[in-house]
Student: 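Have a look at this one before I ask anything.
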Amino acid sequence: MDLREDVDMRIVVLAGGIGGARFLVGVRAYAREVGAEVTAVVNVGDDASMHGLRICPDLDSVMYTLGGGADPERGWGRAGETWTVKGELAAYGAEPTWFGLGDKDIATHLVRGTMLTAGYPLSAVTEALCDRWRPGVRLLPASDDRLETHAVVEVNGEQRAIHFQEWWVRYRGDLPTERFVFVGAESAKPAPGVLDALAAADVVLLAPSNPVVSIAPILAVPGLREAVATSAAPVVGISPIIGGAPVRGMADKCLSIVGVECTAGGVGALYGPDLLDGWLVDTTDEGAEVPGVPVRAVPLWMNDEQATAAMVRAAMELA
Ligand code: GDP
Ligand code: CA
């Protein structure tokens, strides 16, 4: 996992799942052109245990997508997936029934669980899984420690905290929600390699991932936000919001819970000048302003590898 010495440029990307994965496809294409090394620091806040399996949705979305094994339509999970085990679990009435666990995907969780039980940290497990997928990007979990995003909600007049996956997948975010908490964050440490990668970075990119439940839990790991903010490398963020809409997913719901306007400027201001040296917005949002941060407008639709690589090039120019 040592940093290679034969590269001219090192790019570090903070990323969530599907948006992060799509973005990283473009970063990898750009990096191949210019001979750069890419390290992705991936959100672990969505990780959950179900049916005795340890599931890491964002790491897996990135790994499958970069490894060419993701289902392109669904955006998560494996292409050519089958659902035999899910059906069998349902026949037992085993909860939770609302989470999509494919047969191929389960193999990943079994390998991960075996290694975790044997005492390997998540970062080492991820590296081992990537031996198969060869993502072409170094994948690091933000932390090896348990850090889970929970939503504080009201169910039947009672306040309780539920795991983010339950909030997102089971309830579609459709519950009165007071706030999100990153359980375990205060005692979590950055995974091995994360701080070194940030210290050696020539540029740090914030993927157009969900700012509230993908990027914020990464930055919630003590020391990580400071490492990004104080890095000698310029930090450029890419807006996940285009024309006031979250493109795909429910970032709008998450933003309203934390009281942030669902606009490119709103998200840029949420990160703010402490973190950002540049903010990329879509051409639709030309004229958006973020106090203290240079803003540039270019097309931000990640429709294919070329379009996404062009976004990355623009981000590098802004850096
Ligand atoms: P998740 O963890 O699977 O939810 O994925 P991420 O948090 O990494 O990314 C989800 C976010 O990506 C969504 O909230 C969207 O705002 C954003 N997104 C998805 N597609 C696009 C796109 O084509 N362009 C831009 N700029 N943002 C996108
Ligand atoms: Ca996620």
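When a ligand or atom number is given, it counts from 1 through the structure's own listing order. Each residue takes its place number in the sequence, starting with 1.
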Student: If you measure every N/O of Ser239 against every N/O of ligand 1, is any gap under 3.5 Å?
Tutor: yes

Student: Can you list the atoms of ligand 1 that are under 4.0 Å from a heavy atom of Asp58?
Tutor: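 Once the distances to Asp58 are compared, the set is 2 (O).
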
Student: Considering only heavy atoms of Gly20, which atoms of ligand 1 have at least one such atom less than 4.0 Å away?
Tutor: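 Close to Gly20: 8 (O).
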
Student: State plainly whether the residues Arg78 and Asp105 are in salt-bridge range, i.e. N to O under 4.0 Å.
Tutor: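 The answer is no: the pair does not qualify as a salt bridge.
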
Student: Please tell me whether Trp167 and Phe180 form a close aromatic pair, meaning their ring centres lie under 6.0 Å apart.
Tutor: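 Ring-ring flag for Trp167/Phe180: true, centres closer than 6.0 Å.
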
Student: Please state which part of Ile242 comes within less than 4.0 Å of ligand 1, counting heavy atoms only: side chain, backbone, both or neither.
Tutor: side chain

Student: Main chain of Ala70, side chain of Thr65: is a donor-acceptor contact present, judged purely on distance under 3.5 Å?
Tutor: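 No: the side chain of Thr65 does not pair with the backbone of Ala70.
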
Student: In this structure, would Trp76 and Phe99 fall into the same cluster of hydrophobic residues linked by side-chain contacts under 4.5 Å?
Tutor: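 Looking at the clustering, Phe99 is in a separate group from Trp76.
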
Student: Has ligand 1 got any nitrogen or oxygen that is less than 3.5 angstrom from a nitrogen or oxygen of Ala15?
Tutor: no

Student: Could you check whether any side-chain N or O of His163 sits under 3.5 Å from a backbone N or O of Gln165, counting only pairs where one atom can act as donor and the other as acceptor?
Tutor: yes

Student: Answer with yes or no whether the side chains of Asp71 and Tyr64 bring together a donor and an acceptor at under 3.5 Å.
Tutor: no

Student: Decide whether the shortest distance between a heavy atom of Ser209 and an atom of ligand 1 is less than 4.0 Å.
Tutor: yes

Student: Any link between Ile106 and Trp83 through a network of hydrophobic side chains (Ile, Leu, Val, Met, Phe, Trp, Tyr) touching at under 4.5 Å?
Tutor: no

Student: Can you check which of Gly75, Ala251, Ala307 brings a heavy atom nearest to atom 14 (O) of ligand 1?
Tutor: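 Of the listed residues, Ala251 has the closest heavy atom.
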
Student: What class does the angle between the rings of Tyr271 and Trp279 fall in, given that below 30° is parallel, 30 to 60° is tilted and above 60° is perpendicular?
Tutor: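 Answer is perpendicular, since the angle exceeds 60°.
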
Student: What atom name does the N, O or S atom of Asp46 nearest to the Ca ion (ligand 2) carry?
Tutor: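 Relative to the Ca ion (ligand 2), the closest nitrogen, oxygen or sulfur of Asp46 carries the name OD2.
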
Student: When you measure from the side chain of Lys253 to the backbone of Arg172, do you find a donor-acceptor pair of N or O atoms at a distance under 3.5 Å?
Tutor: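 Checked: pair present.
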
Student: May I ask you to identify the nearest protein heavy atom to atom 1 (P) of ligand 1, giving residue, atom name and distance to one decimal place in Å?
Tutor: Ile18 N, 3.4 Å

Student: Compute the shortest N/O to N/O distance between Asn210 and ligand 1 and return yes if it is under 3.5 Å, no if not.
Tutor: yes

Student: Below 3.5 angstrom, do we get any N/O pair linking Met311 and ligand 1?
Tutor: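 Not met; the criterion fails.
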
Student: Give yes if a backbone or side-chain nitrogen or oxygen of Asp46 is under 3.5 Å from a nitrogen or oxygen of ligand 1, and no if not.
Tutor: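 The answer is no, given that Asp46 and ligand 1 share no N or O pair closer than 3.5 Å.
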
Student: Does any N or O in the side chain of Arg22 come within less than 3.5 Å of the main-chain N or O of Met302, such that one atom is a donor and the other an acceptor?
Tutor: yes

Student: Quick one: nearest non-hydrogen protein atom to atom 28 (C) of ligand 1, plus distance?
Tutor: Met302 CE, 3.8 Å

Student: Decide whether an N or O pair under 3.5 Å exists between Arg248 and ligand 1.
Tutor: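 Such a contact does occur with ligand 1.
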
Student: Could you tell me the residue and atom name of the protein heavy atom closest to atom 7 (O) of ligand 1, and the distance to it rounded to 0.1 Å?
Tutor: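 Answer for atom 7 (O) of ligand 1: Ser214 OG, 2.6 Å.
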
Student: Once you restrict to heavy atoms under 4.0 Å, what part of Ala207 touches ligand 1? Side chain, backbone, both or neither.
Tutor: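 It is neither part, as no heavy atom is under 4.0 Å.
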
Student: Using the rule that Ile, Leu, Val, Met, Phe, Trp and Tyr join whenever any side-chain heavy atoms are under 4.5 Å apart, tell me whether Val153 and Met250 fall into a single cluster.
Tutor: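 Yes, Val153 and Met250 fall within the same hydrophobic cluster.
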
Student: Is there a donor-acceptor pair closer than 3.5 Å between any side-chain N or O of Glu81 and the backbone N or O of Asp103?
Tutor: yes

Student: Do any N/O atoms on Pro208 end up under 3.5 angstrom from N/O atoms on ligand 1?
Tutor: yes

Student: Minimum distance, heavy atoms only, to atom 6 (P) of ligand 1: which one of Gly249, Pro211, Cys254, Gly19 is it?
Tutor: Gly19

Student: Would a distance-only check, ignoring hydrogens and angles, find a side-chain to backbone donor-acceptor pair under 3.5 Å from Ser209 to Gly16?
Tutor: yes

Student: Restricting to N, O or S atoms of Asp58, which is nearest to the Ca ion (ligand 2)?
Tutor: OD1

Student: Considering only protein heavy atoms, which is closest to atom 2 (O) of ligand 1, and at what distance to one decimal place?
Tutor: Gly17 N, 2.9 Å

Student: Taking Ile215 as the starting point, is it possible to reach Val290 by hopping between hydrophobic residues whose side chains are less than 4.5 Å apart?
Tutor: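 The answer is yes; both residues are in one hydrophobic cluster.
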
Student: Output yes when the distance from some N or O of ligand 1 to some N or O of Leu300 is under 3.5 Å, and no in every other case.
Tutor: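 Yes, there is a polar N/O contact under 3.5 Å.
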
Student: Do any N/O atoms on Val247 end up under 3.5 angstrom from N/O atoms on ligand 1?
Tutor: no

Student: Return the closest protein heavy atom for atom 15 (C) of ligand 1 as residue, atom name and distance.
Tutor: Pro246 O, 2.8 Å

Student: Tell me whether Pro240 has any N or O atom under 3.5 angstrom from an N or O of ligand 1.
Tutor: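 It does: an N or O of Pro240 is found under 3.5 Å from an N or O of ligand 1.
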
